[in-house]
Amino acid sequence: MTTSPLATSPRAVATAAASSPHLAVVLISLAMGGFAIGTTEFASMSLLPFFAADLHVDEPTAGHAISAYALGVVLGAPLIAVLGARFARRTQLLVLMAVFALGNMLTALAPGFGWMIAARFLAGLPHGAYFGIAALVAASLVPQQRRSQAIGQVMLGLTCATIIGVPLANLIGQAVGWRASFGLVSVLALLTVLLCALFVPRDQAGRSDPLRELGALKSGRVWITLAIGAIGFGGMFAVYTYLATTLIEVTRVSLTAIPFFLAIFGIGATLGNLLVPRFADRALMPTAGVILLFAAVALLVFPLVAGNPWLLALDIFAIGASVSLGAILQTRLMDVAGEAQALAAALNHSAFNTANALGPFLGGLAIRAGLGWTSTGPVGAALALLGLLIWSVARRDAEPAEQLR
């Protein structure tokens, strides 16, 4: 499996190490952007009843604001990656976070639901491109054998948001109002702009061009890697989307206990992103396969433990740990994208937002068919196993290249 010299190279790593602040400071700066993005993405779901009532729309209609954000991610990731190909990565990070801050501030100030839809779409546009560029910057600062760990540490911002940022935003939304929660996200985004301006190393512009970036779309390896995420990751979203209702209707926990279970999911995701990439740096594709199989088992167990809060907490923790698949596939895309690094890295997040749409949609179909709230578990397991099937095709394609390394 080959790695593009544009992603990391000994000279690039040595130069970055000599001219940049301490690596941990840079990674924390990049992760702060992930924390802001994760907070707004997941907190929006918990704030939906509040802004629905305030903007005088029913909750199903208010859900279109969530869809508008996801659409912004899916469209913005490849578009911005191509248009920004000639710009320095540090410059792109600053601009993307500034636009993200603007989108969330406009959300907080939206006078009506139509304005909110537009603001959420704007806020979603930088999401995938930011993570893609941040992953490339992190990978460029470490030796090749530590790339997955560096990317996983950047993604910690997103997973930590599910533990700290989302509950905090929800509390602020209940105490002060939903607008204050989006205002908080805007402040976090501006803090990211400041940190990146201070600590992310400067780099040269003109490392690629739009036509070269579009070349990634010709690669079957890129598409099959994206398919693993778009399908295999859908299982986790199928369960997470309906988790709160399952806890109420099946597990019979109180409303005050729901944040505890959501935090358990976040802790699993955070520890997964800390530990799993260490194995991925030694055996990238085998680790991805193990995670998909692990997720399928955890999702199959979900209906069996849903009636017991303690066993359910352990299972939710395991499902959360499967989030580590994101960093693994991000590294895989760097290996197969050739010179189109920015577009491939950004498309990873388009794939995951496709999973974010597919999983809840199929889970909702099972629930509406009368199969019960816990039917999201088997639906999710089927998606994880389908992702594993796609992985097996990609794995066979990767073996000849790996034998040459």
Just list the side-chain donor-acceptor pairs under 3.5 Å for residues 112-137, sequence neighbours left out, or say none.
residue : atom : partner : partner atom : Å
Arg120  : NH1  : Asn104  : OD1          : 3.1
Arg120  : NH1  : Thr107  : OG1          : 3.2
Arg120  : NH2  : Thr40   : OG1          : 2.9
His127  : ND1  : Tyr69   : OH           : 2.9
Tyr130  : OH   : Leu30   : O            : 2.7

Say whether, by atom type as modelled, one donor and one acceptor occur between the side chain of Arg90 and the main chain of Ala197 under 3.5 angstrom. yes
With a 4.0 Å cut-off, would you call Asp335 and Arg221 a salt bridge? no
Rounded to the nearest 0.5 Å, what separation is found between the CH2 atom of Trp223 and the CD1 atom of Ile390? 13.0 Å
As an exercise, state the distance from CG of Leu304 to CG of Leu312, rounded to the nearest 0.5 Å. 11.5 Å
Considering all heavy atoms of both residues, which atom of Phe87 and which atom of Leu83 are nearest to each other, and what is their separation? CE1-O, 3.8 Å
Flag, side chain of Ser322 to backbone of Ala318, donor-acceptor distance under 3.5 Å: no
Quick one: does any side-chain atom of Thr376 pair with a main-chain N or O of Trp373 as donor and acceptor, under 3.5 Å? yes
Please enumerate all residues that pass side-chain hydrogen bond (donor to acceptor under 3.5 Å, both in side chains) together with Ser350, with sequence neighbours excluded. none
Quick check: does any side chain N or O of Thr225 sit under 3.5 Å from a backbone N or O of Leu333, one acting as donor and the other as acceptor? no
Side-chain donor-acceptor contacts of residues 180-195 below 3.5 Å, not counting sequence neighbours, with atom names and distances?
residue : atom : partner : partner atom : Å
Ser181  : OG   : Ala169  : O            : 2.6
Ser181  : OG   : Gly173  : N            : 3.2
Ser186  : OG   : Ala101  : O            : 2.9
Thr192  : OG1  : Gly33   : N            : 3.3
Thr192  : OG1  : Leu188  : O            : 3.0

Arg179 vs Asp54 side-chain heavy atoms within contact, under 4.5 Å: yes
